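Below is one structure, written out as structure tokens; comments come after it.
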Amino acid sequence: MHCLVFPGQGVQRRGMGGELFERYPRETAAATELLGYSVADLCRDDPDDRLADTRYAQPAVFLVNALSWMDLERAGRRYGYFAGHSLGELNALVAAGVIDLMDGLALVRRRAELMAGVTRGAMVAVVGPSPARVEATLHGAGLNLVHVANRNSDRQVTVAGDRPQLALAVKALRGQSARVLPVSVSGPFHTPLMASAGRAFATVLREYEFRAGHTPVMSSVTGTEFAPDQAVRLLSGQIHRPVEWVRTVRALRAAGVDHFDEVNGTTLTAFIARIAAQPTEELV
């Protein structure tokens, strides 16, 4: 069984989307009208480094993801499951028929605005130690304002939180022989410090209808199938809870998925290749 996965913020880059905007002029024009600016121009020129700004990066990634999926659908590709990492989960819901494309884009625009409004924090990627070891290091250092934000693979997590405490966390993690790299986001995404944005997004989500889709989506919050009647809780919680990508991939494999395709890059493909079928004693 095949699964198509959609990446989130972080894959944005100048030139992203290429000729997709020309191949899908109706959707591109509708997006321009909804957003008030051209994503095609944004991706081509990246004026004022806007792709580094969450408010622009998330709608751009979402639209390019969506048009890439439409290309696959037009070519006759069919999938048994969809899944997305963070923002990409909204793409998965569009692909599965749970929400319409423009409703998804409107939600992403508001999501990006709310997340960009929480600026007192930062995020780093930690490569090497297991997620459990990273958490133990943070706990041992008494850093209560720093949290694991994404469990991406058996040996890669992101950590986010208060900037002064995050600087201390980086020192502690490097002491564990971890490779620590900055992540270009504006806040402590997917941590309890984003709770206010999550609550505000829940209010927005209640204005939208989430239908029973034609293809199952695996939630990156719970690692179980996305339930449309729980959309408000799941999608708002995603903002201030960790992205459980390891759990999601293992659940997809357990459901029979044996092949993954990815749109808009290979970031998730690399993570998936580094997720063992089952956790081992060494990893935990």
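All of these numbers come straight from a predicted model, not from anything done at the bench.
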Looking at [Y] and [X], is any side-chain nitrogen of the basic one under 4.0 Å from a carboxylate oxygen of the acidic one?
| X | Y | result |
| --- | --- | --- |
| Asp49 | Arg14 | no |
| Asp41 | Arg44 | yes |
| Arg77 | Asp261 | yes |
| Asp71 | Arg23 | yes |

Taking [X] for the side chain and [Y] for the main chain, is one N or O donor matched with an acceptor at less than 3.5 Å?
| X | Y | answer |
| --- | --- | --- |
| Gln12 | Gly10 | yes |
| Gln156 | Val127 | no |
| Arg13 | Val11 | yes |

Linked, directly or transitively: Leu234 and Val249 (ILVMFWY side chains, under 4.5 Å): no

Same cluster or not: are Val221 and Met218 linked, directly or through other Ile, Leu, Val, Met, Phe, Trp or Tyr residues, by side-chain heavy atoms under 4.5 angstrom apart? no

Using the side chain to side chain donor-acceptor pair (under 3.5 Å) rule, collect all pairs that involve residues 193-214, keeping only residues at least two apart or in two chains. Asp100-Arg211

Are Phe226 and Phe210 an aromatic pair by the rule of ring centers under 6.0 Å? no

Students often mix this up, so state it plainly: with edges at 30° and 60°, are the rings of His2 and His259 parallel, tilted or perpendicular? tilted

Ala66 to Leu101 - nearest heavy-atom pair and separation: CB-CD1, 3.5 Å

